[in-house]
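Throughout, protein chains are lettered first and strands after them, A, B, ... in sequence-line order, and every chain is numbered starting at 1.
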Protein chains: 4
Amino acid sequence: MVQKLKIGAAGLGRMGKRHAVNFLHRTPRAELVAAFTPDQAELAWARENLEPYGVTLYTDYDQMINHPGLQAVVIATVTKVHADEAIAAINKNLHVLCEKPISLSLEKSREVVTAAQNKPHLKVMCGFSRRFDSSYRDAFEKAEAGLIGRPSIIRSQTCDKHDPSGFFVKYAALNGGCFVDMSVHDIDLAMWFFGDDSVVKSVSASGITAVSPELAEHGDCDNAVGIVEFWGGRIAYFYNSRMMAHGQEDTTEIIGTGGKITVNGNPQANFVNYYGPQGITREVPAHYYGRFEQAFVAEVNEFTAAALDNMKLPLKLTGAVQAVQIGSYLQEALNTGKKLYFDESGRRIDQQPKL
Amino acid sequence: MVQKLKIGAAGLGRMGKRHAVNFLHRTPRAELVAAFTPDQAELAWARENLEPYGVTLYTDYDQMINHPGLQAVVIATVTKVHADEAIAAINKNLHVLCEKPISLSLEKSREVVTAAQNKPHLKVMCGFSRRFDSSYRDAFEKAEAGLIGRPSIIRSQTCDKHDPSGFFVKYAALNGGCFVDMSVHDIDLAMWFFGDDSVVKSVSASGITAVSPELAEHGDCDNAVGIVEFWGGRIAYFYNSRMMAHGQEDTTEIIGTGGKITVNGNPQANFVNYYGPQGITREVPAHYYGRFEQAFVAEVNEFTAAALDNMKLPLKLTGAVQAVQIGSYLQEALNTGKKLYFDESGRRIDQQPKL
Amino acid sequence: MVQKLKIGAAGLGRMGKRHAVNFLHRTPRAELVAAFTPDQAELAWARENLEPYGVTLYTDYDQMINHPGLQAVVIATVTKVHADEAIAAINKNLHVLCEKPISLSLEKSREVVTAAQNKPHLKVMCGFSRRFDSSYRDAFEKAEAGLIGRPSIIRSQTCDKHDPSGFFVKYAALNGGCFVDMSVHDIDLAMWFFGDDSVVKSVSASGITAVSPELAEHGDCDNAVGIVEFWGGRIAYFYNSRMMAHGQEDTTEIIGTGGKITVNGNPQANFVNYYGPQGITREVPAHYYGRFEQAFVAEVNEFTAAALDNMKLPLKLTGAVQAVQIGSYLQEALNTGKKLYFDESGRRIDQQPKL
Amino acid sequence: MVQKLKIGAAGLGRMGKRHAVNFLHRTPRAELVAAFTPDQAELAWARENLEPYGVTLYTDYDQMINHPGLQAVVIATVTKVHADEAIAAINKNLHVLCEKPISLSLEKSREVVTAAQNKPHLKVMCGFSRRFDSSYRDAFEKAEAGLIGRPSIIRSQTCDKHDPSGFFVKYAALNGGCFVDMSVHDIDLAMWFFGDDSVVKSVSASGITAVSPELAEHGDCDNAVGIVEFWGGRIAYFYNSRMMAHGQEDTTEIIGTGGKITVNGNPQANFVNYYGPQGITREVPAHYYGRFEQAFVAEVNEFTAAALDNMKLPLKLTGAVQAVQIGSYLQEALNTGKKLYFDESGRRIDQQPKL
């Protein structure tokens, strides 16, 4: 019989539910044996959707990671406990798949990195789902194959459908701001295509509160634009918005010296077009899961394979920390209105060095 | 614990493998307990991919359908044994999901229909995968909602990437011809959108052998066009081809009195576009599974749910027979060069009735 | 000083106005010196729009073609007088650009051809505007260059926006039916891409009256589909409709043994897309002139150049007759419900020859 | 007889030739009576293409503006003489259509504005061609109609096809830099959609020399990104590039609180798509004139109508100066690496005011 990775799911909120179901039903080599949530509504959902498949439910994280035979955890709780839960799991010799970000605190993030480095046999990954998306992967392979020359400019945006309920405004206080919460994906893509060793040279950003003025209290924006210049002649520029009327629109352009690749330049929910008096219309996914569902499935399967077969993970834990770091720089540039500068070693300096 | 449908897979060829894997790993409420194939290569594949997950392998169909506790079979063997295997399974009180077509013989097909009708508690379905595709379903819902008025004209095509190996030419002798093998999907779509009770009024067709002249020996074509006129003022026209250079292109237009819906008017493999000296290029799926994979997953899950919960199947077995029937008419029109006529009860007549 | 072609415009209806204006303002080497119309409303328009630019107006065609120094006429009067006016002009040694069709009568059409052949120094052209469209020309050059192998299948459609005023229904009595009036453009394209010497092998057609039932009185349809099979392994299939909700949609696919070219697969009025709650929408031209305006400008300029420089015209007068001929076959197949057959010399026969 | 505007063309370089031909052949209400160029090659072209149509040729600008009966000039000479030629023409009571920019010097530009203001009966316009493009106009009308709520974010790019000849590098020394030469169009669009009274709050920019390192000598870049923040909660961000492999790609997004409009999100040379082994490919215009030809035609016709009928021009001369001003700020931000700040009256300040 095939050997399956015994995994426990921590946190059963929006994304936690999806991870749990994906490990339960869409990961042939994994077996979801345990799940933890302190939340009664989530627990009720788990009684109906997980327990009938033999999953043991816990309301205490420490009890769950002591579940007999457990080999791994997926962490999708609230951000502020990610790091401590990850470290606790690592200390129990469990592989860890952690939702982004590991932490809004860089110190805390580095503690997780250190803990993971002390247990090199463990697989510890922070999930940047777009790295597992087949379109982004195709784009990366094309770029790697030299199809567009040297990637030099990246434009990437994370744009959410406007949610008039104001849900995300409450959430804004906890998420580190729009560049850390949203653009962090685009930053990670830039590091992927430009190389993990790219060093930031300058950072500038501007933002507005066009539909959610109450965000200003949190020092956040509902639309923001930022430029990250790297040493070596590369620029990434980002746009994030929570104001889209039509749906989710996460678009990336990788522009090289010999060509260009776009990913999702024309968002679409499916293959249907409606031709009527208005013209020709296609719909757009309302949420990121509509766009990236299969990427999340690939992510949990690849994490499982890496853990079972002791294979290299497709992305480094340090990269996840770096992306949050750059997101924080952008957020600082946004909040202070200042442009930030860095020397060739990445150290913060006062002004742009002579060109 | 959740109750799962115990199912056996008959035939592990190209499509059989996919069904087996989908029941095994992507159908939460089903349990693949058995698989049958008379083929050694397929058996070797099953030893590696199915047996480790607890699937019992058989080289005899009758033994497999006697597997203890078996509740259902999925039949993906060669076409000529579909009907007999389906009837044997029905007689064993097993639910049946059968690959299309049930049979190239209408008599044989009707025997299966009769057998199924005699066991109304069983779910017997012939899989037309496009009925489970989310885009086609969205199109159907929009049409049902009246968005395009009365559907009046359907254009639908099944176009395969050219296979220079000549694989399908050998296969051509067994598959009933291009309209039965390929356009049958488009015919089924026409019946879905026009209504299952639509009655054929006339049939005409023309074809050529542009890249595979040896097909002429089998009375078949590599490109063919057909028109099916229905009583009540509706027309479906079809194109099938095995000559596409770019990949699979299965496109449908439903044209109503008040608008039009297209499905897959712009085929694409993913969300990537490459901008280079040639202009802007996107790739296209090479095969139908690249386009319809998720539809096949939906199909096995819905079949499972219908069997477990005694729910109505999303398509009727008689419809599958009817689609093959119309495909055969088109094939006859193609081979004889004659236009065929039918009266309002669907009975064949010699010439077009007065308009 | 540059020498300009002195031309007169006969008929100032919808298309006549456009030709007159194009010769007046958008044809550097032509000079519109005269215009004829028997219609008072058209005459009033001409007083305002042509006369101030020095154009002499006539209410009698014969007087106009005697205008001093006249070298050419463009004929855009009602179809039934095209042929006689063309012959009268030819007899006056005038070059002739005649709107399609020359005549609904083949005999009459051939009289014009004969008249033209008797004056080989004159340029006599029947305008098929799509031959002058830059996209169709690019497609033709690509096909000529061998990009798609041997063109084998053509799908082409002429689909008009639904006009609820019923204007075209009245007009239907005079225009020869939907295949002669609309699909004749698509037929001409098929002859262009397949070669002018292509010989029809069979013709079949079906049609409905979905939104304009009163068309049935004229033996016409508002949606019709037809197949024209040619000797030598080529098929063209056509769709015409007057029922589009979204606008004009004239689309062509040329499918070869090594690739495919589409023209206007994605109709669009301009480069604007509107992203709103409905999804993403683009508009479509409401009429054929919105799609083909520049083609009409090219047409009059090239006709002018051919007349002034005694150059070859880009399309043959006999081709225009042939396209109407095939349109008439399709119309007969539509009206009788019969499939028509032809031998390899193009002669009508009773049934399909043995394959 | 219709009265025509007698116009002279100054400068017959790439754009000058086009203006001359457009006034000569595509502007019914204008008459090109004179043309000036000091260049022998251009003069030879004019002898062949203008003189035969009755255009008098001059090698001295002052002589040309004294051409008997002259009413207007179009200036398309080298940038550095635009302003003096415009002023000389205004002093002669001639209407002026001047290619952008009026001048790289703001003082000089303002002299032209003053000269024009002193002769209010004259029409003096600096051509921003995109204001005359039918797609941009449709976008503007949709925005004006409230379709997207309040326009809040604009993304706009001017991207040229890479010219390996290095032609533009030589030219770079004279054109004021990439933001002044290229992005000035996008800046003008931002002012159009946001309102001419929008006041800049901050400016930042970054650039690289990816394919033309020699540009660095001129303090210029071949790829640059800039952000212009306006008081009142609006942001425009720009990208310019001279590195495109595929062709010209001038794209604009106008993002409002209730929707979004894109212009040219999917560049295309025509309506042709080629389907081959590579997938599906469409071509892109190689140059801006391939995209904007009809806009230039509209421009000269509207200028002519405004002059003849004493109507308001569609854009203000001061706006053209303002766009160059903002372009210069971006260029300064690019060259110094500094972020620039402005107070609510538009006056330069040292640092971002408190939010």
Side-chain angles (χ1 to χ4, degrees), chain C residues 1-4 21 24-29 48-55 133-143 147-149 250-256 258-278 280-283 291 293-294 297 301, chain D residues 1-4 21 24-29 48-55 133-143 147-149 250-256 258-278 280-283 291 293-294 297 301:
Chain C
M1 291 291 283
V2 80
Q3 210 214 323
K4 297 195 178 186
V21 167
L24 183 59
H25 294 314
R26 303 165 98 176
T27 312
R29 301 183 66 195
E48 194 172 338
N49 292 283
L50 304 183
E51 216 170 38
Y53 291 92
V55 180
D133 175 64
S134 58
S135 292
Y136 277 109
R137 286 182 162 186
D138 182 25
F140 187 74
E141 281 160 27
K142 284 181 163 61
L147 204 62
I148 58 166
D250 297 345
T251 305
T252 302
E253 292 189 84
I254 306 104
I255 303 161
K260 175 172 119 168
I261 296 169
T262 59
V263 180
N264 200 34
N266 288 298
Q268 60 183 59
N270 57 25
F271 292 106
V272 172
N273 274 253
Y274 160 55
Y275 293 54
Q278 86 296 350
I280 304 173
T281 299
R282 69 175 186 281
E283 295 171 6
R291 166 70 182 85
E293 180 176 351
Q294 297 304 322
V297 174
N301 276 278
Chain D
M1 289 292 282
V2 79
Q3 210 216 320
K4 297 195 177 186
V21 167
L24 183 59
H25 294 315
R26 303 165 99 176
T27 312
R29 300 183 66 195
E48 194 172 339
N49 292 282
L50 304 183
E51 214 169 41
Y53 290 93
V55 180
D133 176 65
S134 58
S135 292
Y136 277 108
R137 286 182 162 189
D138 183 22
F140 186 75
E141 282 160 26
K142 285 181 163 61
L147 205 62
I148 58 167
D250 298 344
T251 305
T252 302
E253 291 190 84
I254 305 105
I255 304 161
K260 174 172 121 168
I261 295 169
T262 60
V263 179
N264 201 34
N266 288 297
Q268 59 182 58
N270 57 25
F271 292 105
V272 172
N273 275 253
Y274 159 55
Y275 293 53
Q278 86 294 352
I280 304 173
T281 299
R282 70 174 186 282
E283 295 171 5
R291 167 68 182 84
E293 180 176 351
Q294 296 304 320
V297 174
N301 276 278

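C/Arg26 CZ to C/Leu24 CG: the interatomic distance, rounded to the nearest 0.5 Å, is 11.5 Å. Distance check, rounded to the nearest 0.5 Å: CD of C/Gln294 to CG of D/Asn270 gives 13.5 Å.
Chain D forms more heavy-atom pairs under 4.5 Å with one residue of C/Pro28, C/Gly259, C/Gly276, C/Gly256 than with any other, namely C/Pro28. The greatest number of non-hydrogen atom pairs below 4.5 Å with chain C, out of D/Val272, D/Ile261, D/Thr251, is found for D/Val272. Of the residues considered (D/Lys142, D/Glu253, D/Arg291), D/Arg291 shows the highest number of contacts with chain C, using heavy-atom pairs under 4.5 Å. Top candidate by heavy-atom pairs under 4.5 Å with chain D, chosen from C/Thr281, C/Thr27, C/Asn273, C/Asp133, is C/Asn273. Ranked by heavy-atom pairs under 4.5 Å with chain C, the first of D/Asn266, D/Asn264, D/Val263, D/Ile280 is D/Asn264.
With sequence neighbours left out, the side chain to side chain contact (heavy atoms under 4.5 Å, CB included) criterion links D/Gln268 to C/Gln268, C/Phe271, D/Phe271, D/Arg282. Residues satisfying the salt bridge (charged side-chain N to carboxylate O under 4.0 Å, His left out) criterion with D/Lys4, sequence neighbours excluded, are absent altogether.
Neither the backbone nor the side chain of D/Gln3 comes within contact range of chain C; no heavy atoms are under 4.5 Å apart. Within the 4.5 angstrom heavy-atom criterion, no atom of C/Ile255 approaches chain D. Heavy-atom distances place no part of D/Ile254 under 4.5 Å from chain C, backbone and side chain included.
Here the closest non-hydrogen pair linking C/Pro277 and D/Gly258 is CD-O, 4.5 Å.
In this structure, D/Ile148 and C/Tyr275 have side chains that are not in contact, with every pair of non-hydrogen atoms separated by 4.5 Å or more.
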